[in-house]
Protein chains: 2
Amino acid sequence: MSVTTKDIASICGVSRTTVNRAFTNTGRISEETKQKILKVAAELEYRPDLLAMGLKSGKTRFFGIVVFDVRNRYFAQMLNAVEVEARKHDYFVNITLHEKNKKLEKELIQRLADYRVEGFILSPVSKGPSFSEFLKKINKPTVIIGNRVGKDIPFVGINEKEAAKDAVKMIAEKGYKQIVFVCPPLADAEQENIYSHEQREQGFLEEIKNYPDVNSVVVASWDYLKEVEKIMNQATSKTAFFCSGDIFALEIMKYFKQFGKRAKQDYGIMGFDNIDTLDYVIPRLSTIDNVVEKVSEKAVSILFEMIEGKKVPNKTIVDYIVINGETL
Amino acid sequence: MSVTTKDIASICGVSRTTVNRAFTNTGRISEETKQKILKVAAELEYRPDLLAMGLKSGKTRFFGIVVFDVRNRYFAQMLNAVEVEARKHDYFVNITLHEKNKKLEKELIQRLADYRVEGFILSPVSKGPSFSEFLKKINKPTVIIGNRVGKDIPFVGINEKEAAKDAVKMIAEKGYKQIVFVCPPLADAEQENIYSHEQREQGFLEEIKNYPDVNSVVVASWDYLKEVEKIMNQATSKTAFFCSGDIFALEIMKYFKQFGKRAKQDYGIMGFDNIDTLDYVIPRLSTIDNVVEKVSEKAVSILFEMIEGKKVPNKTIVDYIVINGETL
DNA sequence: TTGAAAGCGCTAACAG
DNA sequence: CTGTTAGCGCTTTCAA
């Protein structure tokens, strides 16, 4: 197989310990033997076995990321940001995916832990006390992004509720007399961790109270296109759709376009997330930028603090950005 | 720390060997001791140390993926497909990113190899004999997707040239009298592995010869928007743009829209890749679907054959799909 | 049916 | 300045 310290040792006529010293620059060693060892090592293209090192030291310089789907823009952007940050600390990232399969999600986390990753960045689908317990048993530094699991696990994100309130404010002030909140079915709340959407809805419901002359509707169904169409057809006043996710907004715009209805002229619409697909869609969708890159960076730096044994806040909030596009 | 076979052994009053037998179902062991061991293990929530197992066996059930950016739709879709396939074999995927940094790309591959991943799926930026040599030294089963590195490393992809020819055919037959091929600068060819774009260009150049009455232009510059605009302004005949990448096409459409020029009415346009962003863009872009999911699946299955020691073809071609949208 | 011993490759404590 | 020894946790002969 490949070259080991043993080989180098025997070639150089020294012990493995000495070879090790040459690499680690630790302990006393004569410059001469050191150079000789390094030279031989380079010639043989020696590479330390990371498994063996990890086994010995318990340090792997890897951390684990478990998300459900990289086609999701949020995760794609997050992964990139995390990678870049990790690299700065000379850490590597082990990314695995589970397609919203909760059982698999746990298995992956467990497996990575068995692999001795030194920490986790998660955006879990699972939630609740049992999952929280599970994570505690895993007993590795862990930071949660985007979906709250429990009070005791460090979380990084934006203030979703505030953001939703800001959105409602902006829409209302543009004179819309009916605002429709579109989000995934809340019935899935027990199945999936849709903390973000819940928060956004709460923000919507709270803020809309401040505009008593604005009619409010909530559409929480996967069949939202039909419902939204019905609402439009019956609308007697200027109507805007506030979607808990840009994708919903894009789908609606596309759907309405079939009937010749256009955003801003015929209805107002706003998304949430600022996914990068928006760069290519005209008109520019108004939305909330959830600053995933910043959130991710922050998450990584918190993770490193945890790895170093420091105490960290269990909730870190990053500022979102309201984007006033061309659809309101 | 955590529970080891040693702990279980001492609790059960047996040797570690016996404990191991209980788990591996290998060698003779009485049903009674086995059950006892498994019970104790479960109670203590024993988890085998994957590093130790890997060190001993050389098998990690991981393979490595190295790409430059998951925000790139092609890679995002590829990763998902690869993950799903890997899971079927109970393998795990270790994904790392390098942002088109060739030095880093090599480091990552090396590092993963040092970590004893059992194989690689790569879509490298590096190419040429020295990179090819490098990969050979790594000496792990490797499959290349999307960018050819060398004749001797198994490759999976579509026939880019044929696809480009089909595209030209389709455009020409719709009556366009000028076709402009838009691609990244070829000058970067030595810096980046843009095999796909080269192939597409070749296909364009070859096929256009069959239409002597059609004028052809190649725009290979990052400043393509300006050039394309100039061409449009000077155009005296029906002009279409064939872009070596959907992104270019989307940018062009967006750019022209500012001036009130619309695809199909004022010019024809076709992309390449069929990225999923297209789902939300109107009009529907004509393009070539590079069937990344199929390519990825195939790549994984070939990788597993290599891991199993089977011989595999060093070039595997998957059928692309021509998508006739609304922009021609 | 079970156990002792050696070893994967690297490292660290302790001698010399 | 250098070597011996033991051990990380698991596995695999070989012997009992």
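Reminder, nothing fancy here: chain letters follow the sequence lines and each chain counts from 1.
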Pair Glu293(A), Asn80(A): side-chain N/O donor-acceptor within cut-off below 3.5 Å: no

[X] [atom1] - [N] [atom2] separation (whole Å):
{"X": "Lys59(B)", "N": "dT12(D)", "atom1": "NZ", "atom2": "P", "answer": "12 Å"}
{"X": "Phe23(B)", "N": "dT11(D)", "atom1": "CZ", "atom2": "P", "answer": "9 Å"}
{"X": "Lys6(A)", "N": "dG3(D)", "atom1": "NZ", "atom2": "C1'", "answer": "16 Å"}
{"X": "Leu55(A)", "N": "dT11(C)", "atom1": "CG", "atom2": "P", "answer": "11 Å"}
{"X": "Leu50(A)", "N": "dC8(C)", "atom1": "CG", "atom2": "C1'", "answer": "15 Å"}
{"X": "Asn20(B)", "N": "dA5(C)", "atom1": "CG", "atom2": "P", "answer": "18 Å"}
{"X": "Asp7(B)", "N": "dC8(D)", "atom1": "CG", "atom2": "C1'", "answer": "13 Å"}

Run the ring-centre check on Tyr115(A) versus Phe62(A) and record whether the distance is less than 6.0 Å. no

Could you check, using the six-membered ring where one of them is a Trp, whether Tyr91(B) and Phe304(B) have ring centers closer than 6.0 angstrom?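 Aromatic pair counts; centres sit under 6.0 Å.
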
On the nucleotide dT11(C), are OP1 or OP2 found under 4.0 Å from the side-chain N or O atoms that Ser57(A) carries? no

Below 3.5 Å, does any donor atom in the side chain of Arg116(B) face an acceptor in the base of dG9(C), or the other way round?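 For Arg116(B), whose side chain was compared with the base of dG9(C), there is no donor-acceptor pair (under 3.5 Å).
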
Ignoring hydrogens and geometry beyond distance, is the side chain of Lys56(B) in donor-acceptor contact with the base of dG9(D) at under 3.5 Å?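 No, the side chain and the base share no sub-3.5 Å donor-acceptor pair.
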
Checking all strands, does Ser30(A) fall into the base, sugar-phosphate, or nothing category for heavy-atom contacts under 4.0 angstrom?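 Sugar-phosphate contact only - Ser30(A) comes under 4.0 Å of backbone atoms but never of a base.
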
Base, sugar-phosphate alone, or nothing: which one does Asp49(B) contact when heavy atoms must sit under 4.0 Å apart?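 Contact class for Asp49(B): sugar-phosphate only.
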
Considering only side-chain heavy atoms of Thr4(B), which listed nucleotide, dA12(C), dG9(C), dG9(D), is closest?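 When the side chain of Thr4(B) is considered, dG9(D) is the closest of dA12(C), dG9(C), dG9(D).
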
